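Structure, as structure tokens:
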Amino acid sequence: MPVVHSLDDLRSLMADWRKSRCSIGLVPTMGYLHEGHVSLIDRAAADNDRVVVSVFVNPTQFGAGEDLEAYPKDLPRDVALAARHGAAAVFAPAPEDMYPAGYSTYVNVEGVSAELCGRSRPIHFRGVATVCTKLFLLTGADRAYFGQKDAQQLAVIRRLVADLAIPVHIVGCPIVREADGLAKSSRNVYLTAEERAAAPILHRALEEAREKILAGERDARTIIAFLEDRISAEPLAEIDYIQAVHRDTIVPIDRLEGPILVALAVRFGKARLIDNFSLDL
């Protein structure tokens, strides 16, 4: 399986696939693949003739003091895992190839990027939107696959594609979890043994909140207060945010109606973990 590093080589490979009339699936990742990424590759391989997995720790989506330098990396392992699950190529560019000297063009998706992670990571989604736009243009993919754990990212990408009329279908895939409910994440490796034992409180609390909504609770403030109390009872948990928003627009809501998303970000030591659930009410 080819591992492509240069933009020109990627374009050439995609052109060859197109000449063979192959449909192309793209799975954008920052590497250090886990079962969540694997589920995206599996889905892409089932839907398309060829799958390209990008492995790129994108510097433009990290703010000052974040974990860019420490972000886990293991390209040989990623390549082997992608190949076993049906990928036909891995694209692993260098930062200086994606952002050459003098680079000054960025994509900013307003509105949908403002709340949730956008509050504490103000440049994050600009970086995500920029790199994904480049990946869509470089690959000409028919479909691109994103996990629903990053629900706001999924909403940003869908808005981006709709607004710029990019001819790629965005496929959202379910959250993959550990046996105790913790959402799979490359950042889980930062957790100490004690923090790892405490972290499943996020999923348990979200499930309890979900049951309250399904039982009839419609006041968003009541649900947020419940989650704050439940998670704050864990001494190792430091809440970044807990919000209830419209799932598509990411606008905060007071009443839980329509397509809703209840999302949170919580720190356990060095690890900032996100999780969520959505409902159609």
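Worth knowing before you read on, the calculation uses all heavy atoms, side chains too, and leaves out hydrogens, waters and symmetry mates. Being a predicted model, the structure only gives us computed values, none of them experimental. This chain uses plain numbering: 1 for the first residue, then up along the sequence.
- Under a hydrophobic-cluster definition in which Ile, Leu, Val, Met, Phe, Trp and Tyr are linked whenever side-chain heavy atoms come within less than 4.5 Å, directly or via other members, Leu7 and Tyr103 are assigned to the same cluster.
- Val3 and Val27 fall within a single hydrophobic cluster, where Ile, Leu, Val, Met, Phe, Trp and Tyr side chains are chained together by heavy-atom contacts under 4.5 Å.
- Nearest heavy atom pair, residue Arg158 against residue Val171, reads NH2-C, 4.4 Å.
- Counting all heavy atoms, side chain and backbone alike, Ala220 lies closest to Ala244 at CB-CB, 4.0 Å.
- There is a path of hydrophobic side-chain contacts, each under 4.5 Å, that joins Leu206 to Leu236.
- Between the side chains of Ser23 and Asp142, no donor-acceptor pair is found at a separation under 3.5 Å.
- Scanning both residues, Ala92 and His5, for their nearest heavy atoms gives O-ND1, 2.8 Å.
- Electrostatic pairing of Lys73 and Asp78 does not count as a salt bridge here, judged by no charged N lying under 4.0 Å from a carboxylate O.
- Taking the ring centre of Tyr32 as origin, the terminal cationic atom of Arg77 falls inside the region bounded by 6.0 Å and 45° from the ring axis.
- Salt bridge Arg187/Asp67: present, at least one basic N to carboxylate O contact under 4.0 Å.
- In this structure, Arg121 pairs ionically with Glu66, as a charged nitrogen and a carboxylate oxygen lie closer than 4.0 Å.
- Judged purely by distance below 3.5 Å, without hydrogens or angles, the side chains of Tyr99 and Asn58 pair a donor atom with an acceptor atom.
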*Could you please spell out the steps behind the side chain to side chain contact (heavy atoms under 4.5 Å, CB included) verdict for Lys134 and Thr139?*
CA-CA 9 Å; Lys134 296 193 73 166; Thr139 62; over 6 Å; no
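- Residue Phe56 comes nearest to Pro93 through the heavy atom pair CD1-O, 3.5 Å, listed as atom of the first residue, atom of the second, then distance.
- Pairing each heavy atom of Asn276 with each of Ala151, the nearest pair is ND2-CB, 3.7 Å.
- Between Glu208 and Lys212, none of the side-chain N atoms (NZ, or NE/NH1/NH2) sits under 4.0 Å from a carboxylate O, so this pair counts as no salt bridge.
- Leu40 and Ile24 are not part of a single hydrophobic cluster, where members link through side-chain heavy atoms under 4.5 Å apart.
- With contacts defined as side-chain heavy-atom distances shorter than 4.5 Å, the pair Leu138/Met14 does not qualify.
- Not a single donor-acceptor pair under 3.5 Å links the side chain of Gln243 to the backbone N or O of Pro252.
- For the pair Asp254 and Arg218, the salt-bridge criterion is not met [side-chain N within less than 4.0 Å of a carboxylate O].
- Side-chain atoms of Asn48 and Arg143 include a donor-acceptor pair closer than 3.5 Å.
- Gln61 approaches His124 most closely through the heavy-atom pair O-ND1, 3.0 Å.
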